[in-house]
Amino acid sequence: MQELFVDDGNFQKALLKFYMNHLRAICLLESLYFLFFFIYAFSTFLWFTVFFIHLLFFSESKMFEMKAFMCRHKECAGAYDPLDPTGNITIRWDVRSWVPDGYVAEVSLFNYQQYRHIQPPGWKLGWVWSKKEVIWYVQGGQATEQGDCSKFKEIIPHSCKVNPEIVDLLPGAPYNRQRANCCKGGVLSSLAQDPANAVASFEVSVGRSGTTTKTLELPVNFTLKAPGPGYTCGPATKLDEPTKFTTPDGSRKSQAHMTWTVTCTYSQFLALRGNSPYLGSVMNGQDKNGLASLVQCTTHMCPIRVHWHVKANYKEYWRVKITVTNFNYGMNYSQWNLVAQHPNFNSLTSITSFNYTALNPYGLMSEHLIPGQLIFLV
């Protein structure tokens, strides 16, 4: 073993000489180090980018969460349905006439969703008054609660609540309480399934309110239950051009004094925040034994089963049989529809026993990117 002894000056000179002799090698090593670091950082960034793109556009379960969180536009109202991205329920509020202490308005609900309808017990529309308004009467609907009307001595309002909720009347309601597009028990068909029954309306007389277009204030915080959660509503928006109404014979047009609309959109993610979406339909309510299930005892214990049976599978074509079975003893699904996705639905040739409408919410895109959509309607 040899020992090397150098003084400080000679050591610095030797180190400088060694560095100068190997400068190229040191620079090459540093360049390779930074090159590998850049490649690693870029590949990591690329991997995360591809991952989040897949999460956002190709994973439906995550799409519900991402869109519900990211969507903040007033027309989106914090909800999103990837199978029907433009579908919504629009609430239109038309001020038709003025009364001494307020106005009379026609409120309409338009279901612009392609396949999602509202089943019994029906829709429930709520809002919060901007001032201290009251409801004198409702034609074609009713408020769920009257509230505290003790300040009124002679004529008692229909509802004095600050946050009223209106529901539809049941079929067979007295004739003097009916109006057009009412009295269906809150049932609202989808646009593709039954356009004629995709609208509901009621008339409301509002008191203690503004009596001109300048003094009237719009309600706020609209809510729509159909019948449970899932819908979120944006703010009321006043339209520059009020609604025009045409008489049945088409000979005359009248115009509302004011019109504002509210857009409510559905999100499955928001609907599933609470309890199971079908739990309420398979329970019989309280009795001495507690909650009694009305669903048939099966291995899956679901109220509805969709059976997909491939009958033939050839290179040129394939054929499938779909069977929908109701295991729920306590509920009939008279206006059901079934939405199914498959890449080959873009090449569909024929369907028997079912009526159907093809959904193409994203336009003409590659079937490898966006699977084909199909809606079966009965």
Item to complete: Check whether any side-chain heavy atom of Glu106 lies under 4.5 Å from a side-chain heavy atom of Arg179, and answer yes or no.
Response: yes
Worksheet item: So, do Ile304 and Asn328 sit near enough that their side-chain heavy atoms are less than 4.5 Å apart?
Response: no
[X], [atom1]: over 12 other non-hydrogen atoms inside 6.0 angstrom:
X: Lys225; atom1: NZ; result: no
X: Lys131; atom1: NZ; result: yes
X: Asp249; atom1: CG; result: yes

Please output the side-chain donor-acceptor pairs of residues 311-323 that fall under 3.5 Å, not counting sequence neighbours, one pair per line with the distance.
none

Worksheet item: In the hydrophobic cluster built from side-chain contacts under 4.5 Å, what are the other members alongside Phe152?
Response: Val99, Val104, Val134, Trp136, Tyr137, Ile155, Ile156
Interatomic spacing from [atom1] in [X] to [atom2] in [Y] - rounded to 0.5 Å:
X: Thr90; Y: Gln113; atom1: OG1; atom2: CD; answer: 9.5 Å
X: Glu133; Y: Leu216; atom1: CD; atom2: CG; answer: 7.5 Å
X: Glu203; Y: Ser97; atom1: CD; atom2: OG; answer: 7.0 Å

Fill in: Mutual orientation of the aromatic rings belonging to Trp127 and Trp129 [parallel < 30°, tilted 30-60°, perpendicular > 60°]
perpendicular
Discussion item. Using a 6.0 Å distance limit plus a 45 degree cone around the ring axis, check whether Arg96 lies over the aromatic ring of Phe245.
Written reply: yes
Discussion item. Is it the case that the side chains of Thr259 and Asp94 hold a donor-acceptor pair, with the cut-off being a distance below 3.5 Å and no angle test?
Written reply: yes
Worksheet item: Looking only at heavy atoms, what is the nearest atom pair of Lys184 and Val199, with distance?
Response: NZ-O, 2.8 Å
Worksheet item: If you look at every heavy atom in Gly140 and Asp168, which pair is closest and at what distance?
Response: O-OD1, 3.4 Å
Worksheet item: When hydrophobic residues are tied together by side-chain contacts of less than 4.5 Å, even through go-betweens, does Tyr103 share a cluster with Val138?
Response: yes
Worksheet item: For residues 93-166, which residue pairs qualify under disulfide bond (SG atoms under 2.5 Å apart), counting only residues two or more places apart or in two chains?
Response: Cys149-Cys160
Fill in: disulfide bond (SG atoms under 2.5 Å apart): pairs with one or both residues in residues 161-190, sequence neighbours excluded
none
Discussion item. Checking Ser254 now: which residues fulfil side-chain hydrogen bond (donor to acceptor under 3.5 Å, both in side chains) with it, not counting sequence neighbours?
Written reply: none
Worksheet item: ring-ring contact (aromatic ring centres under 6.0 Å, His included): which pairs involve residues 182-220, sequence neighbours left out?
Response: none
Item to complete: Assess whether side-chain contact (heavy atoms from CB on, under 4.5 Å) is satisfied between Lys238 and Met258, documenting all intermediate values.
Response: CA-CA 8 Å; Lys238 182 181 177 181; Met258 286 181 64; 3.9 Å; yes
